[in-house]
Undergrad: 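After the structure tokens below, expect a handful of questions from me.
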Amino acid sequence: MTDEVGVITGDLTLVTEVAGDQAAIRVQYTGAEEWYTVAGGPLKVVGHDGHWVHAAMVLAVEHGLPEGLQGFDLT
């Protein structure tokens with residue numbers, strides 16, 4: 001689920017930007033120019049570095065986030 005266009009599926013590229021205790025998650029169709037913000041962000045993260053957060057987000061997106069980040073907890 002994205003803020004801009006709702007649910008997107010298919011071959012996606014994901015970027016995770018961690019600043020302090022917040023992580024912004026964006027996705028795009030692989031090869032496209034437009035990026036979309038995963039709904040419900042930024043995500044509060046405590047005690048995890050950016051690489052760990054990104055790996056967790058990749059796994060989550062692979063399994064689907066139909067509600068975006070609502071209820072997703074990395075604290």
Side-chain angles (χ1 to χ4, degrees):
M1 176 65 71
T2 67
D3 288 338
E4 296 85 1
V5 295
V7 174
I8 63 172
T9 62
D11 190 14
L12 303 173
T13 300
L14 176 107
V15 67
T16 306
E17 299 168 334
V18 177
D21 67 349
Q22 302 287 308
I25 315 301
R26 296 182 303 136
V27 295
Q28 72 175 174
Y29 290 106
T30 299
E33 292 184 23
E34 299 85 8
W35 285 93
Y36 306 109
T37 304
V38 175
L43 182 62
K44 185 170 179 143
V45 294
V46 176
H48 302 292
D49 67 17
H51 295 291
W52 188 93
V53 173
H54 182 73
M57 289 296 94
V58 168
L59 287 174
V61 168
E62 285 176 349
H63 293 290
L65 287 174
E67 303 299 320
L69 298 172
Q70 302 297 340
F72 203 85
D73 186 12
L74 289 179
T75 57

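Worth knowing before you read on, the calculation uses all heavy atoms, side chains too, and leaves out hydrogens, waters and symmetry mates.
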Undergrad: Could you report the tightest heavy-atom contact between Gly40 and Asp3, atom names first, then the distance?
TA: N-OD1, 4.1 Å

Undergrad: Are Val18 and Val15 grouped together when hydrophobic residues (ILVMFWY) are joined by side-chain heavy atoms under 4.5 angstrom apart?
TA: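 Val18 and Val15: separate clusters.
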
Undergrad: Does Thr16 have any side-chain hydrogen bond (donor to acceptor under 3.5 Å, both in side chains) partners at least two apart in sequence or in another chain, and if so, which?
TA: His54

Undergrad: Name all pairs fulfilling the salt bridge (Lys or Arg N to Asp or Glu O under 4.0 Å) condition that reach into residues 16-27, sequence neighbours left out, sorted by first residue then second.
TA: Glu17-Arg26, Asp21-Lys44

Undergrad: Ignoring hydrogens, what is the shortest heavy-atom contact between Leu12 and Ile8? Give both atom names and the distance.
TA: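 The pair with the smallest heavy-atom distance is CD2-CD1, 3.7 Å.
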
Undergrad: Would you list the atom pairs, donor with acceptor, under 3.5 Å between side chains in residues 31-39 and any protein atom, with sequence neighbours excluded?
TA:
from	atom 1	to	atom 2	distance (Å)
Thr37	OG1	Glu4	OE2	3.2

Undergrad: Decide whether Val45 and Leu59 are clustered together by the hydrophobic rule: side chain heavy atoms of Ile, Leu, Val, Met, Phe, Trp, Tyr closer than 4.5 Å, transitively.
TA: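 The answer is no; the residues belong to distinct hydrophobic clusters.
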
Undergrad: Gln22 and Pro42: which non-hydrogen atoms are nearest, and at how many Å?
TA: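 Closest pair (atom of Gln22, atom of Pro42, distance): OE1-CG, 3.2 Å.
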
Undergrad: Please list, chain by chain and in numerical order, all residues satisfying side chain to side chain contact (heavy atoms under 4.5 Å, CB included) with Thr30, sequence neighbours excluded.
TA: Asp11, Thr13

